[in-house]
Amino acid sequence: MCELRELDDAGDGIDGAESATYPLTATTLPGGDGVAANRRLIHDMLIRNFIFWLSSKRGVTNAIARRGMKYGFARRFVAGETLAEALAASDELCRAGRHVSLNHLGENVSTEAAAREVCAGYLEMTEQMHAKNLAGNISIKLTQLGLDLGKDLCGALTLSIAKRAAELGRTIEMDMEGSVYTDATLDIFESVQRETGNCGLAIQAYLHRTEKDIQRLAPLRPKIRLVKGAYREPANIAVQGKPAVDANYRKLTTMLLEGATRGLYFPAIASHDPFMVAHAQSEAARLGLPKDKYELQMIYGIRRDLQQQARDAGNILQVYVPFGTDWCPYFMRRLSERPANCWFVLRSLVAESSS
Ligand SMILES: Cc1cc2nc3c(=O)[nH]c(=O)nc-3n(C[C@H](O)[C@H](O)[C@H](O)COP(=O)(O)OP(=O)(O)OC[C@H]3O[C@@H](n4cnc5c(N)ncnc54)[C@H](O)[C@@H]3O)c2cc1C
């Protein structure tokens with residue numbers, strides 16, 4: 001951990017050494033003049049593609065997987081490989097006034113036995129969080145609960161988790177995955193939420209359909225986690241490019257916050273983008289929405305400076321805490337989101353190999 005702090009102080013950018021200089025107003029544009037901003041976008045895109053390419057090379061991912069936890073650099077974004085480690089990290093966050101959402105890393109399963117095993121793991125996470133009195137919930141992925149094998153199986157397993165959480169007076173959240181799963185995820189969410197009333201759902205601002213989906217969900221009074229969207233989707237399904245996604249994100253943020261003033265949603269604004277966070281805060285203030293009627297969400301280890309600012313501003317902050325042995329693809333995604341994160345890993349590796 002000491003080493004991480006040292007790198008933070010050196011300004012690796014992970015905690016926003018560069019963007020922390022932006023004033024937190026929704027109207028300020030990053031990147032200086034247009035040419036410089038374009039150059040930066042192209043540069044970031046090339047690095048992103050390079051990391052995607054690297055993440056398909058078994059040799060590279062195996063090397064990272066072997067060293068990541070041992071040398072500690074993966075711990076910046078992953079709370080550990082075991083539930084016990086994730087609970088310890090969550091306990092620390094809760095003591096610092098955050099809520100947590102525990103996420104067991106992994107995606108599609110191909111057998112019913114594997115889906116049931118994942119389900120048992122989610123139930124155990126809920127029981128343990130409850131026993132330790134941790135504020136927050138668990139986030140589940142429906143493809144881990146057998147969505148590829150059928151909606152009935154997946155729906156039944158999801159319902160069993162939501163029911164147990166409800167018995168304990170707790171909630172669950174559902175991640176949103178690639179667009180081939182959007183319809184099925186919404187259907188399962190609706191039927192489970194109708195029965196238990198304790199579910200939240202991630203909704204992706206980049207999808208053309210999202211505004212309608214948000215309207216469709218209003219009768220269920222759900223918690224909606226608004227994210228930009230993490231998958232590669234074609235232009236007929238999702239808006240393309242950061243400016244367009246950001247514009248949609250702002251619009252949907254306002255829509256959710258307005259809905260919250262009428263008791264329709266509990267909006268969870270999930271972004272590390274200071275402009276999106278500032279937009280949510282200023283819109284909530286404009287609408288007179290109290291700070292306990294919406295929340296901000298960010299991911300473990302990312303933009304901890306912004307996380308602290310959110311707490312200092314009196315916002316509820318929920319931190320998404322991923323853990324598990326299958327952490328390497330998740331870790332590579334976090335690297336590709338921000339080139340500065342690569343420097344952080346390289347410097348950790350160099351420091352370790354020379355010591
Ligand atoms: C709590 C939470 C849950 C999520 N759940 C889902 C889900 O269920 N389904 C889904 O499709 N997506 C999910 N996502 C991911 C989301 O869709 C985006 O891909 C991701 O959050 C990047 O978008 P952004 O708004 O944070 O920032 P971007 O628009 O990518 O970047 C804007 C700024 O944010 C900061 N930033 C962003 N990423 C990083 C990073 N890795 N390291 C350092 N700084 C960074 C930088 O300052 C950057 O300039 C989730 C995100 C969060 C925060």
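Both ligands and their constituent atoms are indexed starting at 1 by order of listing. Note that the structure is predicted; figures quoted are calculated from it, not measured.
No heavy atom of K141 sits closer than 4.0 Å to any atom of ligand 1.
Considering backbone and side-chain atoms alike, K228 places an N or O below 3.5 Å from some N or O of ligand 1.
With a heavy-atom cut-off of 4.0 Å, Q204 touches ligand 1 through its side chain alone. At a 4.0 Å heavy-atom cut-off, ligand 1 touches R225 through the side chain alone. Neither the backbone nor the side chain of E177 comes within 4.0 Å of ligand 1, counting heavy atoms alone. Residue-level proximity to ligand 1 for A202 is carried by the side chain, the only part with a heavy atom below 4.0 angstrom.
Using a 4.5 Å heavy-atom cutoff, the side chains of K223 and E295 are in contact. Looking only at side-chain heavy atoms (C-beta outward), Y181 and N108 come within less than 4.5 Å of each other. For the pair N103/I138, no side-chain contact is recorded, criterion being any heavy-atom separation below 4.5 Å from C-beta on. Contact annotation: the side chain of D246 approaches that of K228 to within less than 4.5 Å [non-hydrogen atoms, C-beta and beyond]. Proximity of S271 to Y249: side-chain heavy atoms (C-beta onward) are separated by under 4.5 Å at one or more points.
Within ligand 1, counting atoms from 1 as listed, the ones closer than 4.0 Å to a heavy atom of Q297 are 1 (C), 53 (C). Near I302, with a cut-off below 4.0 Å to any heavy atom, the atoms of ligand 1 are 39 (C), 40 (C), 41 (N), 42 (N), 43 (C), 44 (N), 45 (C). Of all the atoms in ligand 1, the ones that sit under 4.0 Å from a non-hydrogen atom of Y231 are 11 (O). Close approach of ligand 1 to M176 is summarised as follows: ligand atoms under 4.0 Å from at least one heavy atom of the residue are 7 (C), 8 (O), 9 (N), 10 (C), 11 (O). Within the listing of ligand 1, atoms 1 (C) sit less than 4.0 angstrom from a heavy atom of Y320.
Between H104 and F323, the gap from one ring centroid to the other is short of 6.0 Å.
With L207, D273, D175 as candidates, the residue nearest to atom 33 (C) of ligand 1 on a non-hydrogen basis is D273. Nearest to atom 15 (C) of ligand 1 by heavy atom, out of A270, A205, A230, G301, is A230. The residue among S179, S139, G229 with a heavy atom at the shortest distance from atom 18 (C) of ligand 1 is G229.
Taking every heavy atom of both residues into account, A280 and L257 meet most closely at O-CD1, 3.6 Å. Contact record, Y320 with P322: O-CD, 3.2 Å, taken as the closest heavy-atom pair.
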Would you mind writing out the side-chain donor-acceptor pairs for residues 196-208 within the sub-3.5 Å range, not counting sequence neighbours?
unit_1	atom_1	unit_2	atom_2	d
T196	OG1	V192	O	3.0
T196	OG1	N198	OD1	2.7
N198	ND2	A162	O	3.0
N198	ND2	R170	O	3.0
Q204	NE2	M176	O	3.4
Q204	NE2	E177	O	3.2
Y206	OH	Y231	N	3.0
Y206	OH	Y231	O	3.4
H208	NE2	A235	O	2.8

